[in-house]
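Written out below as structure tokens is the structure these notes cover.
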Amino acid sequence: MKVLNKVFPFSFPILLVLTDFSLRFKFLINYDFKQFFFYFVSIIFSVLTIITFALLAKSIKKLKLFLSFLFAFIYTYIVIFSIGFYYYSNIFPNYYTIEYFIEEFKNSITIFVGTITVWSIILILLIFAYLIYWFNYIIRYLNFDKFYKKKLYLISHIIVNVILLFVLNNNIRFVDQTLTIDSNLFATFTRYYYNKATNKNFGGTGLLARNPIRLEKASYNKNIGVNVLVIVFESLRKHNLSLYGYYRKTTPFLDSIVAVKGKEFFIFQNTFTTSTTTMLAIPALFTGITPYQDPKLIHTYPMIWDYGKILDKKNFFITSQSFQWYNLNIYYSNEKIDFLWNKEISGHPNYNDFGINDKLTVNTLINYLNQNNNFFGVFQFNTNHYPYKNNLKKWDGERIDDYDNTILLQDSYIKEIFTALEKNNQLDKTIVILIGDHGEAFGEHKQIGHRDCNNIETLAVPFVIYIPEKYHKYLNINELKKNTSKITTNADLVPTLLDLFNLNSKQIIQLKSNFYTKSLFQNIDDNRYIITLNNNSISRYKVGVSIIDKKYHYLYKINTQPHIEEIYEWPIDRAEQNNLIEQLTPEIINYYKKELMKYPVCKKVFEGF
């Protein structure tokens with residue numbers, strides 16, 4: 001018992017440091033001097049912070065109960081949040097995680113609630129109870145007086161603690177993955193609020209109000225008087241669609257209609273997103289401008305629906321999603337849309353994350369189609385977004401089962417849309433495009449979600465174009481067919497639509513000159529590559545950059561310390577399990593680096609942004 005009494009007071013600091021050490025051991029062996037320095041500074045800060053709590057409770061007895069609960073609450077949160085985040089993401093929370101947690105608080109709570117189980121609640125309560133008991137034990141039994149007989153010592157101790165916090169705070173943007181879990185969160189939270197107070201920003205400008213170029217009249221192919229319906233999927237990865245060979249029958253309607261109308265469907269096999277965050281992926285998809293171009297372009301270039309107006313069609317944007325997300329209310333504020341419908345306009349409550357029930361949105365679209373025969377618009381789902389809420393239980397047990405159920409549910413909604421088009425005699429005069437914004441990870445590379453991952457499960461998205469056969473003779477259909485097996489991106493949508501209608505004017509020619517994206521009706525070079533990144537002047541999520549072509553997928557990850565390089569021969573290694581970074585020649589690796597370095601924003605990823 002005497003031994004236990006001697007050891008127990010040190011149990012929490014030891015457990016904290018050992019747990020942290022075990023999680024980061026595989027990274028520690030590759031730390032450089034600077035990283036080791038900050039790691040040891042964070043250990044010192046960690047110990048001093050725990051002592052500071054104890055000294056304050058010992059010195060100010062009126063606050064003893066409050067400080068006990070505060071200490072237990074803070075450190076329970078630190079342990080659960082940091083280790084839980086690491087378990088799901090393979091990285092520790094960084095500045096951008098905390099920024100998202102605070103600024104998207106409702107969304108963060110939704111995500112947290114989705115991970116809660118009975119066992120996790122028990123674990124949280126046990127940790128909290130242990131910390132309450134441990135904190136009160138050291139206050140009661142340890143004699144601090146012989147070390148801190150005067151208030152001056154307490155003040156000096158706090159000053160040293162604050163200085164160390166300042167050192168960590170000032171470097172948190174670059175060393176977050178090298179600090180102990182408690183030091184990391186203390187430094188990150190204080191840095192976030194310091195930035196807010198001083199109007200500094202690590203997170204980029206965010207999406208701003210657009211000042212869109214107003215399109216002038218243009219000539220176009222009058223033989224193609226079709227309607228256009230673009231259906232955008234949220235967080236839908238290609239891997240889980242039976243349409244793309246998935247072993248579960250998740251898209252029975254799409255499978256069946258493609259079997260019947262195969263000549264009219266063009267299914268692109270190798271489409272990759274330019275960003276795995278909606279904040280950058282959707283603007284790229286809607287404008288044709290990639291995240292590694294000048295951000296002014298996505299704030300000025302016409303959106304998809306703008307081209308519908310110069311084709312003398314009514315345009316619309318119908319979405320289940322909230323515009324109170326990622327500043328979308330500001331970004332879309334200057335749009336000229338004949339019919340706009342979103343979560344706020346609908347008045348319906350949140351159903352799946354920051355979106356309403358897609359059934360209501362589908363009904364709105366069908367009502368619109370029943371009343372309009374001359375349209376060009378965008379419909380945006382939210383079904384596949386976390387927490388994958390749905391009423392189907394065909395597959396049950398794991399998170400991936402819930403996700404597959406949402407795909408099956410969404411397929412039934414697509415059936416309703418196609419049925420409505422057919423009932424209204426619109427199907428044979430409507431081009432329907434099905435396209436994803438980005439994919440989703442389920443632990444394949446120790447990542448859950450999409451924002452912090454650039455591996456293939458978050459890059460590969462569905463891209464399907466339905467074109468009624470009677471219009472094929474007016475289009476370069478043979479080239480379109482060839483391109484279904486080429487390297488493409490979802491941001492190819494806008495240039496493809498411009499070519500589809502053969503829109504032409506001096507203004508259109510000028511707009512097209514800035515596209516890095518390609519028309520799918522034109523020949524695509526076999527050496528084409530797609531760059532994906534989540535960090536530019538708009539969105540500085542600390543992820544890294546990815547470049548993929550027909551042979552290899554190279555990734556440079558900056559959300560770990562030290563940074564990691566990976567390269568996969570993805571056409572053979574579809575799950576990207578065999579990292580060839582040590583096996584391939586330097587010439588191959590350097591080729592991809594050289595290509596990335598051509599773009600200033602990609603170059604900054606390597607240099608530190």
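Hydrogens, waters and symmetry mates play no part in the numbers below; they use all other heavy atoms, side chains included.
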Problem set entry | Output field: ring centroids Y386/Y388 closer than 6.0 Å | yes
For this session: Could you tell me whether D492 and R528 have a side-chain N and a carboxylate O separated by less than 4.0 Å?
Result: yes
Exercise. Less than 4.5 Å apart, any side-chain heavy atom of F375 and any of Q426?
Worked result: yes
Problem set entry | Matching residue for H438 among T278, T277, T274, T273 - test: side chain to side chain donor-acceptor pair (under 3.5 Å) | T278
For this session: On the 0 to 90° scale, with breaks at 30° and 60°, tag the W305-F286 ring pair as parallel, tilted or perpendicular.
Result: perpendicular
Seminar exercise, completed: Between T406 and the options T383, T250, N384, the side chain to side chain donor-acceptor pair (under 3.5 Å) test singles out N384
Exercise. Does the ring centre of H299 sit less than 6.0 Å away from the ring centre of Y331?
Worked result: yes
Problem set entry | Full working for side-chain contact (heavy atoms from CB on, under 4.5 Å) between I433 and Y466 | CA-CA 6 Å; I433 299 170; Y466 164 75; over 6 Å; no
For this session: Assess whether side-chain hydrogen bond (donor to acceptor under 3.5 Å, both in side chains) is satisfied between E566 and Y568, documenting all intermediate values.
Result: CA-CA 7 Å; E566 297 174 1; Y568 302 95; 2.8 Å; yes
Exercise. For the ring pair H239 and Y246, is the centre-to-centre distance below 6.0 Å?
Worked result: no
For this session: Examine H472 together with F266 and report whether their ring centres are nearer than 6.0 Å.
Result: yes
Exercise. Can K222 be said to sit on top of Y220's aromatic six-ring, NZ or CZ under 6.0 Å from centre and within 45° of the ring axis?
Worked result: yes
For this session: Check step by step if side-chain contact (heavy atoms from CB on, under 4.5 Å) holds for D338 and K309.
Result: CA-CA 9 Å; D338 293 328; K309 295 304 288 184; 2.9 Å; yes
Exercise. Run the side-chain contact (heavy atoms from CB on, under 4.5 Å) check on L365 and T361 step by step: do they pass?
Worked result: CA-CA 6 Å; L365 174 63; T361 316; over 6 Å; no
For this session: Output yes when K506 and E216 qualify as a salt bridge under the 4.0 Å nitrogen-oxygen rule, no when they do not.
Result: no
For this session: Answer yes if the ring centres of Y403 and F442 are under 6.0 angstrom apart, and no otherwise.
Result: yes
Exercise. Could E595 and K598 be called an ion pair, given the rule that one side-chain N must be under 4.0 Å from one carboxylate O?
Worked result: yes
For this session: Could you check E444 against R237 for salt bridge (charged side-chain N to carboxylate O under 4.0 Å, His left out), going step by step and ending with a plain yes or no?
Result: CA-CA 13 Å; E444 293 86 354; R237 68 186 199 171; 2.7 Å; yes
Exercise. For R248 and D404, what are the C-alpha separation, side-chain angles and deciding distance, and is it a salt bridge (charged side-chain N to carboxylate O under 4.0 Å, His left out)?
Worked result: CA-CA 8 Å; R248 285 176 171 172; D404 285 347; 2.7 Å; yes
Exercise. Do other residues, nucleotides or ligands put more than 12 heavy atoms under 6.0 Å from the NZ atom of K296?
Worked result: no
Exercise. Are side-chain heavy atoms of K550 and N270 found at a separation under 4.5 Å?
Worked result: no
Exercise. Between D255 and K249, does a salt bridge (charged side-chain N to carboxylate O under 4.0 Å, His left out) hold up when you go through it step by step?
Worked result: CA-CA 9 Å; D255 299 343; K249 201 73 172 173; 3.2 Å; yes
Exercise. Taking NZ, NE, NH1 and NH2 as the nitrogens, is one of them in K512 or D499 under 4.0 Å from a carboxylate oxygen of the other?
Worked result: yes
Exercise. Taking NZ, NE, NH1 and NH2 as the nitrogens, is one of them in K336 or D306 under 4.0 Å from a carboxylate oxygen of the other?
Worked result: no
Exercise. Is the ring centre of F381 less than 6.0 Å from the ring centre of F379?
Worked result: yes
For this session: For E344, look at atom CD and say whether over 12 heavy atoms of other residues, nucleotides or ligands are found less than 6.0 Å away.
Result: yes
Exercise. Do NZ/NE/NH1/NH2 and the carboxylate oxygens of D525 and K518 come within less than 4.0 Å?
Worked result: no
For this session: Would you check if the distance from the ring center of F316 to the ring center of Y368 is below 6.0 Å?
Result: yes
Exercise. Hey, is D312 close enough to K217 for a salt bridge, meaning N to O under 4.0 Å?
Worked result: yes
Problem set entry | Near-ring test F339/F317, centroid separation under 6.0 angstrom | no
